[in-house]
Amino acid sequence: MAYVAQDNYLFNETVMENIRHGNPAATDEQVMAVTKESGCYDFIMQLDKGFDTLAGGAGSHLSGGERQRIAIARAMLKDAPIVILDEATAYTDSENEAILQASIAKLVAGKTLIVIAHRLSTVKDSDRIFVVNGGRIQGEGTHEELLQTCPLYRSMWEAHVSARDTAKEEAAHV
């Protein structure tokens with residue numbers, strides 16, 4: 001099983017070694033290949049020492065989004081049959097979320113994926129969505145089914161779309 005959390009812990013080691021924790025036997029070439037697949041390679045190469053850059057204690061030398069992308073690369077390198085993503089895109093802006101979503105799609109191809117998320121765009125295309133409220137399941141189904149059958153999901157989706165549209169309008173006026 002591979003697990004990518006909202007708050008990913010990185011060791012005070014190089015970026016290369018932090019990713020290699022997914023598969024300690026991986027070669028440098030395998031680590032670099034997985035960073036290209038996960039969309040990390042370009043930002044890593046822009047770091048002061050590239051793959052040899054120290055992540056800092058708990059990854060303090062990197063942004064939250066960079067830490068998440070490294071955690072996804074580490075999970076890809078592990079190549080586990082079950083992947084759990086717990087708010088894995090929480091620290092990303094909408095531009096980087098698209099990069100992460102593409103990385104996640106590659107990570108989970110042919111695998112069982114469990115996603116815990118508040119951002120509905122993260123789960124919209126899932127085969128099965130469970131809406132949990134107060135520890136109880138309020139609805140279950142696809143996005144389209146839940147829009148029809150689960151008032152809580154529908155109201156959350158409408159709020160999500162409204163917030164997204166408002167942000168686009170504000171950006172257009174800047």
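Owing to the predicted nature of the structure, the values given are computational and were not obtained by experimental measurement. Computed over heavy atoms, backbone and side chain alike; hydrogens, waters and symmetry mates excluded.
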K111 atom NZ: more than 12 heavy-atom contacts under 6.0 Å: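 It does: K111 NZ has more than 12 such atoms within range.
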Do other residues, nucleotides or ligands put more than 12 heavy atoms under 6.0 Å from R136 CZ? no
Under the 3.5 angstrom rule, does the side chain of [X] hit a backbone N or O of [Y] as a donor-acceptor pair?
| X | Y | answer |
| --- | --- | --- |
| K78 | M1 | yes |
| E17 | T14 | no |
| T27 | Q30 | yes |
| R154 | L147 | yes |
| T53 | K49 | yes |
| R69 | S38 | no |

Determine the minimum heavy-atom distance between [X] and [Y], stating which atoms define it.
| X | Y | result |
| --- | --- | --- |
| G139 | C150 | CA-SG, 4.1 Å |
| W157 | S121 | CZ3-N, 4.4 Å |
| G39 | F43 | O-CD2, 4.5 Å |
| Y3 | D86 | OH-OD2, 2.9 Å |
| L77 | V34 | N-CG2, 3.8 Å |
| F130 | E140 | CE2-CD, 3.3 Å |

Is there side-chain contact between [X] and [Y], with heavy atoms separated by less than 4.5 Å?
| X | Y | result |
| --- | --- | --- |
| L10 | I70 | yes |
| I137 | V131 | no |
| I72 | M76 | yes |
| M156 | H118 | no |
| D28 | R20 | yes |
| M45 | F51 | yes |

Is there a side-chain contact (heavy atoms from CB on, under 4.5 Å) between L47 and V15? Walk through the geometry before answering. CA-CA 10 Å; L47 297 172; V15 169; 4.0 Å; yes
Under a 4.0 Å threshold between the charged nitrogen and the carboxylate oxygen, would K124 count as salt-bridged to E144? no
Closer than 4.0 angstrom, basic N to acidic O: yes or no for K36 and D42?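 No.
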How many angstroms lie between [atom1] in [X] and [atom2] in [Y], if you round to the nearest 0.5 Å?
| X | Y | atom1 | atom2 | answer |
| --- | --- | --- | --- | --- |
| D127 | T142 | CG | OG1 | 9.5 Å |
| L120 | H143 | CG | NE2 | 8.5 Å |
| L62 | L54 | CG | CG | 10.0 Å |
| E145 | Y153 | CD | OH | 11.0 Å |
| I82 | I114 | CD1 | CD1 | 6.5 Å |
| D52 | I44 | CG | CD1 | 11.0 Å |

Same cluster (ILVMFWY, side-chain, under 4.5 Å), [X] and [Y]:
| X | Y | result |
| --- | --- | --- |
| L113 | I116 | no |
| I19 | Y9 | no |
| F11 | V4 | no |

